[in-house]
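Report on one structure; see the data block that follows.
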Amino acid sequence: VCWCGGGADGDCTDADFVLHAATLAVYGPLTEPQPTACVTGAYCMVTVRGTGMSDKDRILVIPQHRNCGESAMTGGVVRSTVEGQRTSGEIDESRWGGIIMLRSDDFNVCWCGCHDCCNDPEDFNIFIGPLVSGGPKQGTVLNPPIGVPFTYSLEGWGLSRHDRISIVDHTVACETADAHVMSGGVWPSTEPYRPPDVQDGADEGNLTTIAWNGIIVTRMKEYRVCLCSRFNGGCVEGANYALDIGIIKPLGPSNTTLINGVPGLPFRLTVNADPKSNLSSADQIRIVSTDITRGVCGSSGTASNTPYLTDTVCWPTCEESAVGKPPEMEENNTKEVWYPMLLTSGGAFDICWCNNGWGGCDDDEDFKVQVGKIYSNGVKSGQAWYCASQMACEVEVAFTGSTTVEDAIQIISPESNSRCGLAEQMNAALFTRGTRISGAPGLGSTPALYDQHVMTFNLGAPQTPGFYQVCYCQGTHCQSESVRNLDFFQHVGSITVSGLSGSEMNYVCYIRGECTLVLQGNGLRQEDAVMIIPLTDACGSGHTPVGSIFEGVGYLNSRNDPTFIGSRIGTSDDGLETWSFPLGVAKQVGRYRLCYCNYQRAKSGMCDRRSDFDQTAGQIYVRGSSFTVDTRCNQGDACEILVRAHSFDTGDRLLLFEKDVDCGAEDGNVPWM
């Protein structure tokens with residue numbers, strides 16, 4: 001600092017400043033003519049050289065077209081260590097490391113040395129130099145086909161084999177906590193958690209193209225692609241995936257198909273294309289129970305339609321369903337239709353889609369794309385009820401979301417060509433309350449339905465043993481006069497009416513002789529049994545046992561009731577099952593009641609208690625005499641033999657054998673008399 005005390009005329013010329021008054025030291029940065037080069041998404045360092053540099057210095061990065069002191073920090077800086085003190089340095093150099101630039105562009109670096117006042121943009125009024133940020137091309141929008149592999153490519157400069165990408169939902173911002181978590185719409189086995197498959201460029205450290213092959217997205221929604229440059233931080237946290245590269249908008253069908261159907265009722269399945277997408281007649285679908293998919297199309301079992309999807313649809317005439325056929329294309333290939341389709345059971349089903357025959361559409365993973373859901377709201381199918389001939393028969397059906405108190409059932413023939421909705425109801429005389437019955441709400445009484453709300457249909461007493469199909473009608477019209485067979489289109493299950501033909505039959509056995517009963521009926525099983533009880537008791541009641549009146553076959557239950565198991569020996573000409581029940585050797589004459597047990601109706605699931613044997617099977621007469629009195633006759637005199645027994649018949653006969661020959665012997669000699 002030079003000083004002038006004033007000249008002769010009071011003015012100071014250059015020559016008058018002859019006194020050195022002081023030295024002024026100016027501290028601050030030097031302008032850097034060479035730009036700082038940064039790769040977008042990768043760590044970058046800004047170095048400022050000068051005099052008197054300190055930890056209190058601060059810098060800003062602003063757009064190139066703005067002047068220092070006039071602009072705040074650019075949004076292009078995503079890791080803003082620039083806002084704090086330098087990360088390292090000395091008195092002649094300051095370094096700000098760990099900076100990550102968000103986009104490719106040109107910027108200015110501005111400096112503030114005010115120490116305690118670097119708060120506002122105008123405080124950063126010293127231009128340091130330019131900063132150039134380059135890297136992969138950003139803002140790209142890719143439209144790959146859904147459900148099939150595609151390649152995601154990056155072009156630009158500064159790319160590396162250490163770069164990684166994540167594909168996240170569009171609602172997730174890059175660098176946020178979840179930016180490293182791949183979207184659930186990316187098929188797991190194709191997630192690009194790996195080095196790029198394609199690496200092009202003359203300089204390994206400055207590649208110009210990298211790409212990941214074989215990526216598959218399975219959900220029709222918008223995705224964001226985030227880049228973790230040069231394995232920043234190990235690419236294990238969302239903050240490492242800082243760079244927003246672009247958007248993925250797949251082309252294909254929208255996941256908007258929602259069908260609320262009824263089992264047995266034909267429906268039309270329509271798949272609509274997402275905007276700007278087209279569909280193909282080579283597309284295929286599978287309808288799969290959600291119990292199989294667990295909400296994920298492409299999982300094990302997806303390649304097969306549910307067995308409840310029929311190949312034939314009868315409404316009322318029969319025709320082939322659209323199962324396994326190409327769709328009908330509509331509205332310039334923006335809509336595909338499968339009709340008719342029919343489900344025979346209630347439940348929830350996913351509609352899984354295969355793109356344009358990809359992979360042959362024959363593997364589970366070919367059907368990765370879910371395009372809709374079907375809710376088949378009806379009664380549960382495949383149910384079975386067991387009733388006994390001449391005994392009260394009730395059918396309990398659990399309430400579902402679509403069951404009403406006006407519902408009804410109809411009984412049809414068991415023949416294989418009889419279909420619910422097409423077959424006529426069977427003769428009403430087969431059940432005492434008819435074969436088309438309305439129900440009443442109540443609580444379940446069977447183990448499977450205890451305390452559940454059910455509809456109970458009281459059919460009365462079946463008159464004929466056999467097998468019957470049960471068809472269901474839902475809605476208020478089911479009890480109207482206009483109700484049709486077609487309204488009973490849901491096949492809910494079957495009724496097996498077990499019982500014996502000729503429940504009033506009398507069977508005759510003879511004391512000391514083998515006794516075998518041959519019974520005929522329908523619905524009999526190997527686990528069924530017959531029991532002999534006193535004639536004074538009714539089947540299914542009483543407690544007095546008759547004891548072991550036969551020996552050699554059968555067993556006694558806990559109450560000493562004789563019980564016998566049979567075996568099927570054939571079928572009669574009129575279709576009745578023929579069963580043989582060996583009783584063994586009769587030991588006691590008398591008259592007894594024969595009762596039958598169907599194990600499927602037994603309380604414990606096996607024929608044991610007296611109450612389980614509630615079907616009358618007839619009566620057994622055990623005839624014969626014990627011949628306990630010896631008779632003496634004199635040769636030449638008239639001889640009378642007195643025999644006492646429980647009952648006789650005029651057709652009975654006596655035969656005399658030698659004393660040492662057993663009755664019934666084939667070679668017994670009849671003495672001369």
Side-chain angles (χ1 to χ4, degrees), residues 27-64 66 68 71-115 118 121 123-136 138 156-164 174-175 179 201 203-207 226-245:
Y27 296 97
L30 299 174
T31 301
E32 294 284 351
Q34 295 298 320
T36 299
C38 295
V39 175
T40 51
Y43 285 130
C44 179
M45 179 179 290
V46 174
T47 300
V48 179
R49 297 176 178 85
T51 304
M53 311 303 290
S54 75
D55 289 344
K56 293 186 177 181
D57 297 345
R58 300 291 185 268
I59 62 172
L60 280 183
V61 178
I62 66 173
Q64 187 186 45
R66 304 299 297 272
C68 290
S71 177
M73 180 76 73
T74 175
V77 179
V78 293
R79 185 65 56 81
S80 54
T81 54
V82 295
E83 294 180 324
Q85 72 178 42
R86 63 185 183 178
T87 54
S88 64
E90 296 81 28
I91 193 171
D92 60 348
E93 185 176 282
S94 292
R95 293 177 292 274
W96 281 265
I99 299 171
I100 296 179
M101 300 305 295
L102 177 67
R103 66 175 183 268
S104 299
D105 207 343
D106 294 331
F107 303 91
N108 289 331
V109 181
C110 305
W111 182 85
C112 170
C114 186
H115 293 182
C118 296
D123 299 327
F124 295 82
N125 54 9
I126 303 299
F127 172 72
I128 299 298
L131 183 150
V132 177
S133 176
Q138 296 172 257
W157 61 270
L159 302 175
S160 166
R161 65 186 180 88
H162 300 295
D163 291 345
R164 302 290 186 270
C174 295
E175 202 199 16
D203 183 354
E204 187 178 280
N206 185 17
L207 300 175
C226 301
L227 176 68
C228 172
S229 293
R230 300 175 181 258
F231 212 60
N232 173 24
C235 297
V236 295
E237 297 180 354
N240 305 140
Y241 290 85
L243 197 60
D244 191 330
I245 295 298

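Computed over heavy atoms, backbone and side chain alike; hydrogens, waters and symmetry mates excluded.
- When every heavy atom of C44 is checked against every heavy atom of A37, the shortest pair comes out as SG-O, 3.9 Å.
- Applying the 6.0 Å contact sphere to CD1 of I91 captures no more than 12 heavy atoms from other residues, nucleotides or ligands.
- Of all heavy-atom pairs between M53 and D92, the closest is CG-C, 3.8 Å.
- Each of T47, V46, D55, D57 was evaluated against S94; a single residue qualifies, D57, per the side-chain contact (heavy atoms from CB on, under 4.5 Å) test.
- In this structure a side-chain-to-backbone donor-acceptor pair under 3.5 Å is present from R230 to G158.
- Using a 4.5 Å cut-off on side-chain heavy atoms (C-beta onward), V61 and M73 make contact.
- Closest approach of V39 to W157, counting heavy atoms only: CG2-CZ3, 4.0 Å.
- Partner of F124 under the side-chain contact (heavy atoms from CB on, under 4.5 Å) criterion, out of S71, C68, C110: C110 alone.
- Two residues are said to be in side-chain contact when any heavy atoms from C-beta on lie closer than 4.5 Å; I99 and C38 fail this criterion.
- Between the side chain of T87 and the main chain of G97, a donor-acceptor pair closer than 3.5 Å is present.
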* Just do the salt bridge (Lys or Arg N to Asp or Glu O under 4.0 Å) check on E90 and R49 with the steps written out, would you? => CA-CA 9 Å; E90 296 81 28; R49 297 176 178 85; over 6 Å; no
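- In terms of heavy atoms, C226 sits closest to Y241 at O-CD2, 3.7 Å.
- Distance alone, capped at 3.5 Å, places no donor-acceptor pair between the N232 side chain and the C228 backbone.
- For the atom pair S160 OG and E204 CD, the distance stands at 8.0 Å (nearest 0.5 Å).
- Evaluation of the side-chain contact (heavy atoms from CB on, under 4.5 Å) rule for S133 yields T40, M101, F107, L131 as partners, not counting sequence neighbours.
- How far CZ of R164 is from NE2 of H162: 8.0 Å, rounded to the nearest 0.5 Å.
- For the atom pair CD1 of I128 and CG of N108, the computed distance is 10.5 Å after rounding to the nearest 0.5 Å.
- Rounded to the nearest 0.5 Å, atoms SG (C112) and CG (N125) are 7.5 Å apart.
- Atom CZ of R103 is separated from atom CG of L243 by 11.0 Å, given to the nearest 0.5 angstrom.
- Contact between A179 and C174 at its shortest, heavy atoms only, is CB-CA, 4.0 Å.
- Remark: L102 CG to E175 CD distance equals 8.5 Å, nearest 0.5 Å.
- When every heavy atom of V132 is checked against every heavy atom of P35, the shortest pair comes out as CG2-CB, 3.7 Å.
- Between the side chain of W96 and the backbone N or O of G84, at least one donor-acceptor pair lies under 3.5 Å.
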